[in-house]
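A short worksheet on the structure shown next.
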2 protein chains.
Amino acid sequence: MIDDDDTAPAGRQIDSVENAFNIIESIQELERCGVTELADHLDIPKSTAHIHLQTLRNLGYVVKEGEKYQLGLRFLELGGEVRHNRSIFQVARSEVDDLAGSTGEVGTIGYEENGQRVLVYRTEPFEGVSDNAPTGEFTEMHWTAVGKALLSQRTDDEVRDIIERFGLPRATENTITDVDELLTEVDEIRSRGYSVEDEERVKGVKSIAVPISDDANRAGNSAISITGPKHRFDEERIESELLPALRNAANVIELQYKHY
Amino acid sequence: MIDDDDTAPAGRQIDSVENAFNIIESIQELERCGVTELADHLDIPKSTAHIHLQTLRNLGYVVKEGEKYQLGLRFLELGGEVRHNRSIFQVARSEVDDLAGSTGEVGTIGYEENGQRVLVYRTEPFEGVSDNAPTGEFTEMHWTAVGKALLSQRTDDEVRDIIERFGLPRATENTITDVDELLTEVDEIRSRGYSVEDEERVKGVKSIAVPISDDANRAGNSAISITGPKHRFDEERIESELLPALRNAANVIELQYKHY
DNA sequence: ATCTGAGTTCAATACTATTGAACTGCATCG
DNA sequence: CGATGCAGTTCAATAGTATTGAACTCAGAT
């Protein structure tokens with residue numbers, strides 16, 4: 001029997017808590033909003049919106065700036081702590097920093113959560129590269145190097161499940177939108193040990209990733225990557241510089257898990 | 001009439017949502033936990049803990065890794081978005097990056113929320129400086145340069161209110177723990193336009209901050225700072241280099257608000 | 001002065017969050 | 001190998017409360 005606990009249980013649940021999080025997400029969407037605006041957005045009575053806002057404000061998770069409500073920075077605090085407690089972040093961070101420093105490209109740590117890729121950490125070798133993919137971002141697996149590396153750690157059935165849930169939306173002409181094509185590629189990644197994303201999500205951007213394997217599964221399902229402008233990522237450089245550096249970093253990380 | 005809306009309203013509120021956030025905070029404290037562990041920690045029935053965990057898991061804010069529950073990275077995502085939506089972050093980030101680059105010290109952006117100082121952004125000129133104060137951290141005002149700069153934007157009565165709420169805990173022998181002494185210092189900061197923290201929270205660390213003033217109050221109450229080892233922060237350097245650089249950055253930021 | 005729109009308060013009701021107890025499954029121990 | 005204990009899960013009953021529409025306040029616009 002597979003102990004795959006990843007499918008949500010969906011049993012009985014507490015509606016008011018769900019409502020509260022719907023409200024939180026709506027405030028975030030609207031950035032800043034008033035009571036009526038929020039109520040209209042969610043199609044709920046004003047009084048309901050109001051009492052929820054009061055509750056969240058008492059708890060410090062929502063703040064009122066002038067006439068508008070917005071989410072409080074407590075979420076920033078919580079997010080930082082959540083990341084801090086993930087062992088993969090603790091272990092891999094300095095390696096990825098080094099990686100970025102030595103290659104001069106952006107280094108990232110990615111993680112699988114609920115069938116999507118989460119960008120746990122991102123480090124830039126020099127300043128000025130803008131908010132390309134923000135830390136904490138969730139996205140589909142199929143169009144990022146990290147995502148495909150994560151899929152390669154799963155069985156074909158699990159990959160199919162994930163595709164079923166999120167589909168294969170297209171972003172560029174290179175995006176893989178066919179299930180079988182993706183499964184074939186994932187299989188290749190399994191045998192060669194690394195994944196490449198070539199303008200599959202953003203034009204002009206290329207990326208290479210390797211999964212972090214960890215027998216005890218304390219790292220969860222995670223991967224590290226290097227990302228940069230396509231023109232700097234030719235085959236020659238990938239083979240001779242980027243891939244060895246990535247593999248070395250992955251090795252160091254895996255060793256730390258083994259000897260912990 | 002003062003439109004100071006900062007005091008929490010504390011009217012009627014939704015208990016199950018409060019319970020949910022107590023559970024969230026407990027999971028964070030425990031890092032990872034089981035149902036019984038959580039129930040014991042909060043002194044609630046197992047069944048209550050269980051249904052809340054299911055709810056939060058369905059919503060994607062809690063994940064189950066192996067046998068243990070932990071907070072999901074959705075909080076990381078949310079935290080990043082919350083910060084991204086704060087105008088002070090948008091406007092001040094690059095200035096603080098430059099500041100850190102040119103002075104070679106750590107630059108930060110701080111914000112007042114619910115009477116405490118929040119570290120919204122932190123940038124390091126070189127690598128390797130460890131997790132001194134993590135992004136998103138909330139702390140009392142009186143023992144940080146940013147906090148004191150923020151207090152200087154408030155009236156004495158408001159400062160008293162804040163002290164009343166959080167007290168003046170001591171961290172080092174330099175920490176200001178006397179109300180009147182703090183009020184005097186805050187007054188000095190008002191007239192000279194910058195604050196200094198000299199080993200008042202952490203031994204060996206010194207810091208200077210200037211408030212960001214913004215007539216339309218679109219920046220909220222915020223401040224920027226430079227922090228570093230005390231031995232590099234002598235009077236001479238502060239006067240001739242650090243303070244001018246800080247003031248310049250603050251000016252640029254304020255101008256952007258004016259001309260927006 | 002009136003009207004409009006937003007925020008807030010309130011009382012009634014239907015609903016549901018909470019709870020203890022019972023059940024399951026697993027691992028450990030005798 | 002059976003018994004025991006422990007963690008997680010399910011369930012039905014009840015007390016309690018989340019939700020709701022309507023009423024009220026207030027500020028600004030007409």
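Scope of the values below: all heavy atoms of this structure, side chains included, with no hydrogens, waters or symmetry mates.
For the 3.5 Å distance criterion, the side chains of B:E254 and B:S213 qualify, holding a donor opposite an acceptor. Side-chain contact of A:S87 with A:Y257: a donor-acceptor pair under 3.5 Å is present, judged by distance alone.
For A:E140 and A:R117, the salt-bridge test fails: no basic side-chain N is under 4.0 Å from an acidic carboxylate O. Using a 4.0 Å cut-off between charged nitrogen and carboxylate oxygen, B:R192 and B:D187 do not count as a salt-bridge pair. Here A:E77 pairs with A:R74 in a salt bridge; the nearest charged N to carboxylate O distance falls below 4.0 Å. One finds a salt bridge joining A:K68 and A:E37 here, because a Lys/Arg side-chain nitrogen approaches an Asp/Glu carboxylate oxygen to under 4.0 Å. With salt bridges taken as basic N to acidic carboxylate O contacts below 4.0 Å, one links A:E185 and A:K148.
Near DNA chain C, defined here as any heavy-atom distance below 4.0 Å, the residues from residues 19-35 of chain B are B:N19, listed numerically. Within residues 39-46 of chain A, the residues having any heavy atom under 4.0 Å from DNA chain D are, by residue number, A:P45.
Rounding to the nearest 0.5 Å gives a distance of 5.5 Å between CZ of A:F138 and CG of B:L73.
Tested against B:R154, the residues B:M141, B:E112, B:R160 include a single side-chain contact (heavy atoms from CB on, under 4.5 Å) partner, B:E112.
Put simply, A:K64 has a side-chain N or O that comes within less than 4.0 Å of OP1 or OP2 on C:dT8.
Residue contacts shown for B:S16 are limited to sugar-phosphate atoms, with no base heavy atom under 4.0 Å away. At a threshold of 4.0 angstrom between heavy atoms, the contacts of A:S47 include nucleobase atoms, whether or not backbone atoms are also involved.
Under the ring-ring contact (aromatic ring centres under 6.0 Å, His included) criterion, the residue pairs touching residues 20-44 of chain B are A:F21-B:F21, A:Y61-B:F21, with sequence neighbours excluded. Sequence neighbours left out, not one pair with a member in residues 16-29 of chain B passes salt bridge (charged side-chain N to carboxylate O under 4.0 Å, His left out).
Counting only distance, with no hydrogens or angles, the side chain of A:Q90 and the backbone of A:H84 share a donor-acceptor pair below 3.5 Å. Side-chain N or O atoms of B:R83 include one that pairs as donor or acceptor with a backbone N or O of B:V120 at under 3.5 Å.
Bracketed by its first and final contacts, the part of DNA chain D lying under 4.0 Å from non-hydrogen atoms of chain A reaches from D:dA18 to D:dG21 in 5' to 3' order.
For the pair B:H50 NE2 and C:dT18 P, the interatomic distance rounds to 14 Å; values are reported in whole Å.
The residue among B:D15 and A:E37 whose nearest nucleotide of DNA chain C lies closer to the 5′ end is A:E37.
Between the axis at the start and the axis at the end of the helix from C:dA1-D:dT30 to C:dG30-D:dC1 there is an angle of 30°, using five pairs per end and rounding to 10 degrees.
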